Amino acid sequence: MADKITVGHVHMSGCTGCLVSLADNYGGLLTILDKYADLVYGLTLADVRHIPKMDVALVEGSVCIQDKLSVQEIKETREKAAVVVAVGGCACYGNITRFARGGQPNQPQHESYLPIGDLIKVDVYIPGCAPCPQLIRNVCVMAYLLLKGNKDQQELAKKYLAPLMQLAERGTEACGCDLMYDVVNQGLCMGCGSCAAACPVRAITHEYGKPNVNREMCIKCGACYAQCPRSFFNFDVVPEFEAIMDAIGAALK
Amino acid sequence: MAGELGKYKLCVSARSTDKAILKRAQDGGIVTQLFKFALEEGIIDGAIVAGPGDEPWRPRPFIATTVEELMTSSGTKYNISPQVSWIKEATRSFGLDKIGIVGTPCQMQAVRKGQLYPVGLRDVDDKIKLAIGIFCMENFSYQSIKQLVEDHAAMKMEAVRKMEIGKGKFWVYGQRGQVVQLPLKVTHKYEQPGCHVCLDYVANLADVSTGSVGSPDGWSTVFVRTRNGDDIWSKAIAAGCFETKPIEQVKPGLELVTKLATEKITKNQKTVEERAKFGVNKALRNPYLGPK
Ligand SMILES: Cc1cc2nc3c(=O)[nH]c(=O)nc-3n(C[C@H](O)[C@H](O)[C@H](O)COP(=O)(O)OP(=O)(O)OC[C@H]3O[C@@H](n4cnc5c(N)ncnc54)[C@H](O)[C@@H]3O)c2cc1C
Ligand code: SF4
Ligand code: SF4
Ligand code: SF4
């Protein structure tokens with residue numbers, strides 16, 4: 001297919017788990033690369049030294065502000081990419097790199113790590129640690145529809161991506177505490193349990209139906225709040241789940 | 001068809017043909033019967049149900065992989081069971097590839113959001129094979145229901161045989177045959193606050209949804225909604241699992257369901273709007289407008 005979008009994977013201070021999550025789409029990833037997207041940049045996957053112009057940059061990891069090259073590359077990513085997607089907890093919120101304080105061998109002076117949104121404007125968030133392969137897949141398909149689809153497909157993609165764009169606008173701090181601040185304290189929690197299911201470190205249990213976060217365990221990945229139906233629930237998208245899942249499934253055949 | 005009753009392919013009044021299920025069921029035993037059929041046919045290899053918890057009438061999400069386990073979960077517990085909390089664990093610790101889940105309308109919303117936006121639900125989206133929704137006007141915390149039963153109805157929790165909300169009242173049936181009814185104006189203040197912004201009454205996003213309203217005692221109203229739900233429901237009917245009657249031929253029928261759904265959604269929509277001007281130029285959050 002001639003009309004592919006160009007995508008790059010930009011690796012900041014992350015553990016490569018996000019890239020592995022992308023790869024965990026297996027056949028689906030091959031279909032995406034075959035039909036919809038050309039991978040124009042990626043440390044491990046594409047033999048390109050400098051960040052080229054691209055439609056979508058998938059950024060993994062936070063930025064070490066003591067590392068000049070990283071700072072330069074994230075700024076360059078913003079210049080070169082039409083859409084910047086923060087993939088994973090570290091790029092969105094700092095995640096475990098929030099707890100870094102330097103002193104590690106090789107580069108002990110590298111101690112300050114910031115979510116990419118503290119340095120550049122970010123368009124779309126995919127929180128989580130590791131981010132879920134299927135959400136990365138869905139966002140890739142929707143990004144393609146947004147840039148190359150017909151009018152209806154563009155409408156759908158806009159609606160689908162809207163809450164993930166709003167998450168990017170919401171800010172660069174996340175914690176299990178968000179469930180208290182923005183859900184329970186706001187009188188919105190209805191006890192579904194999604195937050196506990198989403199937590200990668202099992203920091204959340206339910207006490208009489210309401211989330212109880214073990215704050216010592218929380219790594220600040222942002223998955224719980226984003227998964228909560230009372231953080232966002234878009235009636236123009238979710239009730240169409242059957243048709244949308246069919247469409248994504250068909251796109252990856 | 002859409003609107004306050006959601007999209008559906010079919011609506012009937014039904015009850016299980018299995019006497020053992022009917023004996024323990026809240027209404028027509030639709031949930032337990034349909035899961036039993038799906039388990040036996042290998043359509044699911046386990047179902048997340050609200051099983052018995054640590055205190056009387058306190059449910060907890062429980063993964064039933066056998067019919068015996070399933071049977072222990074029948075009946076409505078009017079307090080929160082965070083059903084979705086086990087949805088990823090079901091595919092991991094329990095190794096299920098084909099999951100069934102029952103829940104309230106909000107929990108069905110959580111399941112579908114989780115399939116379309118699986119932020120922390122790796123490898124779950126294609127494993128949900130039967131999502132059964134139950135109608136829901138409101139839910140309670142355990143402490144609320146305990147206060148209603150013990151302080152208002154003056155019964156011990158462990159002595160209760162069944163609880164029910166219907167015909168405008170909250171009913172508590174004791175093991176010894178005693179019945180206490182409380183008017184809903186007593187129960188209202190104990191409702192879970194999060195229910196007051198809920199815009200779904202009949203689990204519009206389930207594969208199959210069911211509740212008592214609309215059908216005669218002992219029968220259930222059933223909406224078959226998705227292609228998948230339709231497929232499983234037709235197989236269950238062909239296997240003789242359910243007796244059915246056209247919804248048009250039962251009383252009070254769809255008219256009452258529509259009326260209650262409209263009342264709930266209108267009232268809660270108003271609450272959502274009032275939250276926008278709750279403080280002095282300060283709004284409470286509106287999840288339907290986004291995560292900010
Ligand atoms: C909080 C609540 C409010 C309800 N409000 C209404 C209403 O306004 N109108 C109406 O028509 N019906 C309502 N129902 C549904 C109704 O009470 C029955 O649960 C439904 O008709 C199913 O009956 P059944 O005989 O088919 O299921 P059964 O075979 O008896 O099985 C019931 C199933 O529901 C599950 N369950 C029980 N309690 C809970 C819970 N707290 N959370 C999640 N799952 C649970 C059990 O695990 C079991 O699998 C409500 C249910 C609940 C839990
Ligand atoms: S509680 Fe869990 S899911 Fe939520 S931010 Fe912390 S680690 Fe992530
Ligand atoms: S996901 Fe949200 S609504 Fe559901 S239990 Fe957690 S905080 Fe409450
Ligand atoms: S009223 Fe709505 S929010 Fe409350 S338990 Fe029922 S479905 Fe959930």
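Bear in mind that the values here come from a model prediction, so they are computed numbers and not experimental data. In what follows, chains are A, B, ... by sequence order, proteins preceding strands, each numbered from 1.
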Interface residue of largest heavy-atom contact number with chain A, from B/Gly290, B/Ser85, B/Pro291, under 4.5 Å: B/Pro291
Salt bridge B/Lys7-A/Glu240, side-chain N to carboxylate O under 4.0 Å: yes
Proximal component of B/Arg227, with respect to chain A [non-hydrogen, under 4.5 Å]: both
Largest heavy-atom contact set with chain B, pairs under 4.5 Å, which of A/Cys228, A/Gly249, A/Cys224: A/Cys228
B/Glu274/B/Lys270 salt bridge by N-O under 4.0 Å criterion: yes
Candidate pair A/Val85 and A/Ile126, rule side-chain contact (heavy atoms from CB on, under 4.5 Å), full reasoning: CA-CA 7 Å; A/Val85 183; A/Ile126 301 181; 3.9 Å; yes
Contact origin within A/Ile136 toward chain B - heavy atom pairs under 4.5 Å: neither
Structural part of B/Asp125 lying under 4.5 Å from a heavy atom of chain A: both
Interface moiety of A/Cys199 toward chain B, non-hydrogen atoms closer than 4.5 Å: backbone
Proximal component of A/Gln186, with respect to chain B [non-hydrogen, under 4.5 Å]: both
Exercise: do A/Arg137 and A/Gln134 side chains pair donor with acceptor under 3.5 Å: no
Presence of salt bridge, A/Glu169 and B/Lys292, under 4.0 angstrom: yes
Check: B/Tyr288 ring centroid to A/Phe232 ring centroid under 6.0 Å: no
Distance-only donor-acceptor check, side chains B/Gln147 and B/His152, under 3.5 Å: no
Most contacts with chain A, counted as non-hydrogen pairs under 4.5 angstrom, among B/Lys88, B/Glu55, B/Lys113, B/Gln143: B/Lys113
Pair B/Phe170 + B/His188: ring centers closer than 6.0 Å: no
Contact winner vs chain B - A/Met190, A/Gln227, A/Gln166, heavy-atom pairs under 4.5 Å: A/Gln227
Interface residue of largest heavy-atom contact number with chain B, from A/Leu167, A/Ile248, A/Asp182, under 4.5 Å: A/Asp182
Toward chain B, the part of A/Asp246 with a non-hydrogen atom under 4.5 Å: side chain
Contact origin within A/Phe233 toward chain B - heavy atom pairs under 4.5 Å: both
B/Val208 and B/Leu34, any side-chain heavy atoms less than 4.5 Å apart: yes
Largest heavy-atom contact set with chain B, pairs under 4.5 Å, which of A/Pro239, A/Pro133, A/Pro200, A/Gly128: A/Pro133
Winner by heavy-atom pair count (cut-off under 4.5 Å) against chain B, out of A/Val139, A/Leu164, A/Asp236: A/Leu164
Side chain, backbone, both or neither of B/Gln115 within contact of chain A (heavy atoms, under 4.5 Å): both
B/Asp123, part contacting chain A, at a heavy-atom distance under 4.5 Å: both
Min side-chain heavy-atom separation A/Val87-A/Tyr125 under 4.5 Å: no
Option in B/Arg60, B/Gln192, B/Met108 with maximal non-hydrogen atom pairs under 4.5 Å from chain A: B/Gln192
Heavy-atom pairs under 4.5 Å with chain A, option from B/Asn79, B/Thr226, B/Leu199 with the top count: B/Thr226
Within the 6.0 Å centroid threshold, strictly below: B/Tyr78 and B/Trp57: no
Geometric cation-pi criterion, B/Arg275 with B/Phe278: 6.0 Å, 45°: no
Engaged part of B/Glu89 at the chain A interface, taking heavy atoms whose separation is under 4.5 Å: side chain
Leading residue by heavy atom contact count with chain A [cutoff under 4.5 Å; candidates B/Leu284, B/Thr104, B/Leu121]: B/Leu121
Contact winner vs chain A - B/Gln109, B/Gln107, B/Gln83, heavy-atom pairs under 4.5 Å: B/Gln109
Closest non-hydrogen atom pair, B/Tyr142 against B/Arg58: CE1-CB, 3.3 Å
Under 4.5 Å from a heavy atom of chain B, the part of A/Pro131 involved: backbone
Leading residue by heavy atom contact count with chain B [cutoff under 4.5 Å; candidates A/Phe235, A/Phe241, A/Tyr225]: A/Phe241
Heavy-atom proximity to chain B below 4.5 Å, by part of A/Val237: both
Charged N-O contact under 4.0 Å between B/Asp126 and B/Lys98: no
B/Asp207 bridged to B/Arg112 by N-O distance under 4.0 Å: yes
Atom group of B/Ser81 that falls short of 4.5 Å from chain A, counting heavy atoms: backbone
